[in-house]
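The structure appears right after this line, and notes come after that.
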Amino acid sequence: MPTATAIINLDIEGPRISRHLYGHFAEHLGRCVYGGFWVGEDSPIPNAGGVRLDVVEALRALRIPNLRWPGGRFADEYHWKDGIGPREERPRMVNTHWGGVEENNHFGTHEFMALCELLGAEPYISGNVGSGTVREMSEWVEYLTRDGDGPMVRLRKANGREEPWRVRFWGIGNETWGCGGNMRAEYFADLARQYATYCRDHGDNKLYRIASGASDEDYQWTETLMRQINCFGCEAAPRTYYQALSVHYYTLAGPWEAKGSATVFDTDDYYRTMVSAGRIDRVLTGHSTVMDCYDPRRTVGLVLDEWGTWWDVEPGTNPGFLFQQNTLRDALVASTHFDVFHRHAARLVMANIAQTVNVLQAMLLTEGDALVRTPTYHVFEMNKGHQDATSLPVHLRADGARSRVGEAELETVSVSASVKDGALLVSLSNLDAEEPAEATLDLRGGRIGEARARILTADKLQAHNTPQTPEAVAPRAFDGDGVRVTDRGLALSLPPHSFVTVRAPMTVAS
């Protein structure tokens, strides 16, 4: 049986894990917005002003911290003034990126802000740099956040909103190296400075400007943007044109043109997926290292505002809608990503899974009035105690828990830990498709009380939830023989392809 030992020093604090690492993403793509979040006020599905209430209830249970909108690719052809005012008078457009369907703009700025208020989530707005203007984005900031008087304030009030909203997070473009304009890094770096200059703070609403960053391991893009705000090796504080850079990384099991099925895959496909998922650690390390050269104090944030699995669309669905099922394999991709995020919490300040409803690695799937919580949803729910917690360094010895996958080696046990409000939370994944693993938690520098554990697994990696079988993959208690107290801490027998969380009251040794 594979074995692993995780040494966790309860009295040594690591960086704080921002709740925003558990962020989400909603694009005008397929049925994410229309049919997912938005059903309209006349729908028989229970709603608040057109926002679907069962979706709101499910996401509130995750303590969803932020929501990125309106894209993605759609952001760079979206003109925000088309989405305000009486809905029947709003101009229509063609969504050229996603399916060539007509967009009626019924879900716009006011509807999005109402959604965020219902969710208790902070809005993260992605501005149009690809086909928009500096003035357009500047006026959007003013429309949303300015108090007192002014042209955009009067326009907002005419559309029914007296008080400004608080909107901190603003994305300056999306994938400007590709679909957002096919720009060179040097050209976009100048644009980022320009847009950031005119996206102004109004009153006490201080903007957190996130410049469109790299894809995967394009470290040169990151270096080009960092050179705009500081010199190599400088100890001086970086210039504040933008406060963060983004990066995008998707997990694939095969080449882009043949990504494979979400539900029909074999063990080899599964292991290739987990190797691909594990590369996120290298990607974040690479970008962080480049940023450290220009910002050694780590005042500039790194934002992974698109991540997740990407499979071929489900048969019979619009290929431009990116609808895919969500299995236990996807859940394990998410659980291991979060372990990596926690380790990078000193630099990584936000992450947004793509996407929240009905698109790619979704939390929720809707079908008419039915709503399904996916296996990935349950990972977010089981891990929510890590939000705004203090990370604890984990030293993992897992020589007996490794698997060879082609030319790569996969460590089949993944662990992270944090403490918050006097409680320890440890997350563990056994990625072995067939073998259980014996995991020992060697807890030093403190004591724990009675531990409670939960597990997410199923008989098959391909297991998934549907309206007919909504609980096929769902968490359950994992106590008894699964978790045992030892002289050094805890021992856990992790079933194959499983995700486990352990929670216990904790005191640090005096």
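For the residue pair Asp330 and Thr309, a side-chain donor N or O sits within less than 3.5 Å of a side-chain acceptor on the partner. Remark: the Ser126 side chain and the Asn174 side chain contain no N/O donor-acceptor pair separated by less than 3.5 Å. Side-chain contact of Ser276 with Thr273: a donor-acceptor pair under 3.5 Å is absent, judged by distance alone.
To the nearest 0.5 Å, atoms OG1 (Thr440) and CG (Leu443) are separated by 10.0 Å. Here CG of Leu304 is found 9.5 Å from NE2 of His287. Values are rounded to the nearest 0.5 Å. To the nearest 0.5 angstrom, Thr267 atom OG1 is 6.5 Å from Leu461 atom CG. Taken to the nearest 0.5 Å, the CG atom of Leu456 stands 9.5 Å off from the CZ atom of Arg476. Of the inter-residue distances, the one linking Phe380 atom CZ with Thr374 atom OG1 reads 9.0 Å to the nearest 0.5 angstrom. Distance CG/Leu392 to CZ/Arg444: 14.0 Å, rounded to 0.5 Å.
The shortest non-hydrogen separation linking Asn352 to His24 is ND2-O, 2.9 Å. For Thr336 against Leu332, the heavy-atom pair with the smallest separation is OG1-O, 2.9 Å. Annotation for Gln361 and Ala334: closest pair NE2-CB, 3.9 Å, computed over non-hydrogen atoms. Closest heavy-atom contact between Val300 and Asp295: N-OD2, 2.7 Å. Between Leu360 and Gln355 the shortest heavy-atom distance is CB-N, 4.0 Å. Between Leu21 and Val349, the shortest heavy-atom contact is CD2-C, 3.7 Å.
Within 6.0 Å of CG on Asp11 lie more than 12 heavy atoms contributed by other residues, nucleotides or ligands. The 12-atom threshold is not exceeded at CZ of Arg447, counting heavy atoms of other residues, nucleotides or ligands nearer than 6.0 Å. The environment of CD in Glu57 is sparse: at most 12 heavy-atom neighbours from other residues, nucleotides or ligands sit within 6.0 Å.
The salt bridge (Lys or Arg N to Asp or Glu O under 4.0 Å) test with Asp388 singles out one residue from Arg16, Arg63, Lys420, and that residue is Arg16.
Residues Glu411 and Glu409 are not in side-chain contact: their nearest non-hydrogen atoms beyond the backbone lie 4.5 Å or more apart. Residues Leu10 and Val419 are not in side-chain contact: their nearest non-hydrogen atoms beyond the backbone lie 4.5 Å or more apart. Inter-residue side-chain proximity for Asp339 and Val394 is flagged as unmet; no heavy-atom pair is nearer than 4.5 Å. Using a 4.5 Å heavy-atom threshold, the side chains of Leu365 and Gln325 count as touching. Pro436 is not listed as a side-chain neighbour of Pro495, based on a closest heavy-atom distance of 4.5 Å or more. Using a 4.5 Å cut-off on side-chain heavy atoms (C-beta onward), Arg52 and Val357 make no contact. Side-chain atoms of His378 and Asn465, non-hydrogen and from C-beta on, do get closer than 4.5 Å to each other. Between Leu322 and Trp98 there is a side-chain heavy-atom pair separated by less than 4.5 Å.
Side chain of His497 to backbone of Ala458: a donor-acceptor contact under 3.5 angstrom is found. Without hydrogens or angle criteria, Tyr377 side chain to Ala58 main chain gives a donor-acceptor distance under 3.5 Å. Between the side chain of Tyr270 and the main chain of Leu431, a donor-acceptor pair closer than 3.5 Å is present. Panel note: side chain Tyr271, backbone Ala433; a donor-acceptor pair is recorded below 3.5 Å. When atom types are taken as modelled, the side chain of Thr366 and the backbone of Gly35 share a donor-acceptor pair closer than 3.5 angstrom. A donor-acceptor pair under 3.5 Å is formed between the side chain of Gln387 and the backbone N or O of Leu62. Thr327 places no side-chain N or O within donor-acceptor distance of the main-chain N or O of His464, the cut-off being under 3.5 Å. Of the possible donor and acceptor atoms, none in the side chain of Gln243 sits under 3.5 Å from a partner among the backbone N and O of Gly301. Remark: the backbone N or O of Glu434 is paired with a side-chain donor or acceptor of Asp432 at under 3.5 angstrom. Side chain of Asn430 to main chain of Glu435: a donor-acceptor pair is present (N/O by atom type, distance under 3.5 Å, no hydrogens or angles).
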Chi angles and distances behind the side chain to side chain donor-acceptor pair (under 3.5 Å) call for Tyr294, Glu223: CA-CA 8 Å; Tyr294 294 87; Glu223 184 178 14; 2.8 Å; yes
Carefully, step by step, assess His386 and Ser418 under the rule side chain to side chain donor-acceptor pair (under 3.5 Å). CA-CA 6 Å; His386 289 299; Ser418 71; 2.7 Å; yes
Residues Asp292, Arg347; criterion side-chain contact (heavy atoms from CB on, under 4.5 Å); working and verdict: CA-CA 9 Å; Asp292 285 347; Arg347 174 71 76 178; 2.6 Å; yes
Worked verdict on Leu328 versus Lys460 for side-chain contact (heavy atoms from CB on, under 4.5 Å): CA-CA 8 Å; Leu328 182 60; Lys460 300 188 301 180; over 6 Å; no
Evaluate the side chain to side chain donor-acceptor pair (under 3.5 Å) criterion for residues Thr285 and Ser288: first the C-alpha distance (whole Å), next the side-chain angles of each, then the deciding distance (0.1 Å), finally the verdict. CA-CA 5 Å; Thr285 297; Ser288 296; over 6 Å; no
Begin with the C-alpha distance, continue with both residues' side-chain angles, and end with the deciding distance and a verdict on salt bridge (Lys or Arg N to Asp or Glu O under 4.0 Å) for Arg279 and Asp216. CA-CA 9 Å; Arg279 292 193 187 106; Asp216 300 342; over 6 Å; no
side-chain contact (heavy atoms from CB on, under 4.5 Å) between Asn358 and Leu364, intermediate numbers included: CA-CA 6 Å; Asn358 291 331; Leu364 306 170; over 6 Å; no
With salt bridge (Lys or Arg N to Asp or Glu O under 4.0 Å) as the test, would you mind laying out the steps for Glu27 and Arg73 before giving the verdict? CA-CA 8 Å; Glu27 185 168 5; Arg73 294 185 180 188; over 6 Å; no
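Among residues at least two apart or in separate chains, ring pair (Phe, Tyr, Trp, His ring centres under 6.0 Å) pairs with a member in residues 299-335 are Tyr250-Trp310, Trp256-Trp310, Trp307-His337, Trp307-Phe338, Trp307-Phe341.
Ring geometry for Trp221 versus Phe188: interplanar angle under 30°, hence parallel rather than tilted (30 to 60°). Note on ring orientation: taking the six-membered ring where Trp is involved, the planes of Trp69 and Phe112 are parallel (angle under 30°, cut-offs 30° and 60°).
A cation-pi geometry, defined here as NZ or CZ lying under 6.0 Å from the six-membered ring centre and within 45° of its normal, does not hold between Arg209 and Tyr242. The cationic atom of Arg168 (NZ for Lys, CZ for Arg) does not lie both less than 6.0 Å from the six-membered ring centre of Tyr208 and within 45° of the ring axis.
If you look at Phe169 and His20, their ring centroids are closer than 6.0 Å.
Residues satisfying the disulfide bond (SG atoms under 2.5 Å apart) criterion with Cys293, sequence neighbours excluded, are absent altogether.
Salt-bridge annotation for Arg68 and Glu306: present, with a side-chain N of the basic residue lying under 4.0 Å from a carboxylate O of the acidic one.
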